[in-house]
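Residue numbers begin at 1 in each chain, while the letters A, B, ... track the order of the sequences.
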There are 2 protein chains.
Amino acid sequence: MSDHPAPPTLDDVARAAGVSTATVSRCLNDPKMVSAPTRERVDSAIKTLGYTPNFAARFMAVQRTFTVGAIIPTMENAIFARGLQAFQEELHHHGYTLLVSSSAYQAEAEEEQVRALVARGADGLLLIGYDRDQALYDYLQRQRVPVLAAWSFDPDAAIPSIGFDNRSAMRALTTQVLGMGHTRVAMISAHSAENDRARMRIEGARIAMEQNGLSADDLYVVEVSYDINEGAEAFKTLMTGPNRPSLVLCGNDVLAVGAMRGAAELGLSVPDDVSITGFDDIELAQVVTPALTTVHVPHRQMGRLAAQQLVDMIENKTDGVGKELESHVVMRGSVAEPRS
Amino acid sequence: MSDHPAPPTLDDVARAAGVSTATVSRCLNDPKMVSAPTRERVDSAIKTLGYTPNFAARFMAVQRTFTVGAIIPTMENAIFARGLQAFQEELHHHGYTLLVSSSAYQAEAEEEQVRALVARGADGLLLIGYDRDQALYDYLQRQRVPVLAAWSFDPDAAIPSIGFDNRSAMRALTTQVLGMGHTRVAMISAHSAENDRARMRIEGARIAMEQNGLSADDLYVVEVSYDINEGAEAFKTLMTGPNRPSLVLCGNDVLAVGAMRGAAELGLSVPDDVSITGFDDIELAQVVTPALTTVHVPHRQMGRLAAQQLVDMIENKTDGVGKELESHVVMRGSVAEPRS
DNA sequence: TTGTAGGCGTTATCAG
DNA sequence: CTGATAACGCCTACAA
C-alpha cells in the first residue's frame, strides 16, 4: 500500500457494497433497474469512497463523450465570447459539456486543436468560418465527427454553416455611409488569407464602391493582425500618407477602436475629420466616444442555434443544413458627411 | 458491413502492415526502436488508412493525457484572455494541450466543469482565485489532480497560488488617489461572495481609507455583476443618491468603463465632476476617454509562470509553492483632485 | 528487432 | 433483479 492510492474504481465500489460491478454500473446509469436496498448500499459505498467514474473507460465502452469542442481564433476579445456563452448554455441543456481551445489565428494550430479534440472524443465540433484546408474536412469526415461552421454563412461551403452573410452586411454598411458623400475611402482589415469573414467583408466593401459610382480599385485595403494597436498604427499610416481618406472602413470593431485611438493620437476629430466604421457591434463599440457605426450581429442567437443544430447532427446523424441569420447596420456617431 | 465503418484501429494498421500491434505502437511512441523498413511499411499503412490513435484507450493504458484544463469565470472580456493565451503557449512548449471552460461566475457550474475536466483525464487544472468549497479541493486531492490558483496570491490558501496581492494593490491605488484630497468615496465591486479577488480589493480600499484618516465604514460599496451595463447603472444610482461621491473606485476595468459611460449619460465630466478608477489594466482602459487610472497586472508573465509551475507539479509530483507577482498603479486621466 | 498477452475501468450481453 | 464475462483500443513487460 503506497501513500499514493489510485482513485477508487467501479470494482472497489462493488467490493465495498458486496455486489458486482455490473450492478454498480446500473446504479449509475439506470438506477431503476436495481432494487432500492442494494441501490442504497451502492450509493453509500460510492459516497464514502468518493468514487467518480473513469471517463476514458466509459468512452471506450460507449464511444460517446457528450462533449463538444469549439476552436476559436482568439479569446483576446469579446467577438466570440458572447456567442460561445450562449452556445455553451444551450449545449448544457442538452447534456453536453463544451471544451474550448484557441488557435491564435493560425491554421496549423487550429488543425492541431481539431485533432486534439477529436482524439479526446469530442462528439462534435464548432469551428469559426469555413475557410480551411480540405484535408482537415476529409479527416473529420473519416473520423465521423460532425462539424459546424459559425460566424459565417455560405450554403456552398464544405460544411454546414450558421451565421450571416459577411459580404452583404459589409456592402450594406458601406453603401449607407457612402451615401453621405465620401469618395476617398480606405479599409483596415484583418488578414484575409484563410479567413473568409475578412475576405467577404472586403468584397462587400468593393461591391458597394462599384454600386455607388466609385471604382473597387480605389478602395485601398491594408491588412493587419487583430489588435487594437495594429489598428491604430495602420490608421496613422493611412492618414499621414498621400490621398488621405475621409472614410476608413474597419473589418471589425477592435480595429475600428484602434483607428479611433490613432485618430486621437493624430489630433484628428472623429467624425469631423474622418469617419470610421466597425463590424460586430461588441460592447466596445458603445463605449468609445463617439460610439461606433457598425454591423450588429445576433451573437447569442447564433450560439444557441449552432448548439441545437450540432446536437441534432450528433444525435440524429443528420447532415446539418446551416442557417443564415440577419445582421443589420447600426448608425452611430463615428460617421458624418465628408468635410467640404 | 455498414456504410458507416468505424475509424481504423491499431489492429487494422498492424494487419495492413503485416506486423503486430506492438510494433505499430512502438512506431508511434518510440520510432527508433523499430527497424527502418518495417517502420516505413507501418507509416504508409497509417497514412493510407488515415489512422489516428484513440486517445481514451491510450489514456486508459498510460493514465496520462498531456491535457491541462482551465476554468475561468467568464470569456466575456479580456481579463483572463491574455494570461490564458500565455498559459497556453507555455503549456504547448511542454507538450500539453489546454482545454478551457467557463463557469459564468457560478460555483456550481465551476464544480461541474472541474469534474468534467478531471473525468476527461486532465493532468492538471488551473483555477481562478482560491475561494471555493473545501469539498472540491478534497475531491481534487482524492483524484490526485494538481491544481493551481491564479490571479490571486495567498500563501495560506488551500492550494498553491500564483498571482498578486489584490488587497495591497487596491490599497496602493486607493491611497494614491485619496492623496489628492477625496473624502466622499464609493466603490462598485463585483459580487464578493466566493470571489477572493473582489473581497480583497474591497478590503484593500477599506484599509487605505483608515490609513488616510477616513473611516472604513464610510466606504459605500455596491456589488454588481461583471458587466458594463451593471457598472453604468450602479454608477448612476450612486451619483444621483444622497452624499454623492467625488471618487468612485471600481473593482475592475469593465465596471469602471461602465461607470464612465454612466457618467457620460448623466452629463458628468470625468475627472472634473468625479474621479473613477479601475483594476486590471486591460486594453479597454486605454481606449476610453479619459484613459483609466488602474492597477496594472502582469498577465502574460502570470500565465507563463502558472504553466511552468503546473507542469512541474504534474511531472515531478511536487506540491507547488505558488508565487507572488508585482502589480503597480497606473495613473491616467480618469482621476483628479475633487472639485472645490 | 519483433511478437504475445495481460491489464487499464466501463458498459452491455447473457444467463441465472 | 443480479452476476459473469466479453468487448472497447492501446501500452508494455516479457519472451523469443
Name all residues meeting the side-chain hydrogen bond (donor to acceptor under 3.5 Å, both in side chains) criterion together with [X]; count only those two or more places apart in sequence or in a different chain, and write none if there are none.
X        : answer
A:Glu324 : none
A:Glu110 : A:Arg132
B:His94  : B:Glu90

Can you give me the first and the last nucleotide of DNA chain C (5' to 3') that has an atom within less than 4.0 angstrom of a non-hydrogen atom in chain B?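 The contact span of chain B on DNA chain C goes from C:dT1 to C:dG9.
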Looking at CZ of B:Arg304 and CD1 of B:Ile162, how far apart are the two atoms once the value is rounded to the nearest 0.5 Å?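 Interatomic distance, B:Arg304 CZ to B:Ile162 CD1, rounded to 0.5 Å: 10.5 Å.
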Hey, what's the ring geometry for A:Trp151 with A:His299, parallel, tilted or perpendicular (30° and 60° as the breaks)?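 Rings of A:Trp151 and A:His299: tilted, as their planes differ by 30° to 60°.
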Base contacts versus sugar-phosphate-only contacts with protein, heavy atoms under 4.0 Å: please encode nucleotides 3-15 of chain D as B, S and - from 5' to 3'. BB---BBBSB---
Residues from residues 35-45 of chain A sitting under 4.0 Å of DNA chain D, heavy atoms only?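 Result for residues 35-45 of chain A: A:Ser35, A:Thr38, sorted by number.
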If we fit an axis to the first five pairs and another to the last five of the helix from C:dT1-D:dA16 to C:dG16-D:dC1, what angle do they make, to the nearest 10°?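 For the helix from C:dT1-D:dA16 to C:dG16-D:dC1, the axes at either end differ by 40°.
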Can you tell me which residue pairs pass the ring-ring contact (aromatic ring centres under 6.0 Å, His included) test with a partner in residues 98-128 of chain B, sequence neighbours excluded?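 The answer is B:Tyr105-B:Tyr226.
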Any idea which heavy atoms bring B:Pro160 and B:Leu148 closest together, and the distance?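 Minimum heavy-atom contact is O-CD1, 3.3 Å.
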Among residues at least two apart in sequence or on other chains, which ones pass salt bridge (charged side-chain N to carboxylate O under 4.0 Å, His left out) with [X]?
X        : answer
B:Lys47  : none
A:Glu194 : none
B:Glu111 : B:Arg115
B:Arg82  : none

May I ask you to test the A:Pro146-A:Glu315 pair for a side-chain heavy-atom distance under 4.5 Å?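 A side-chain contact under 4.5 Å is absent here.
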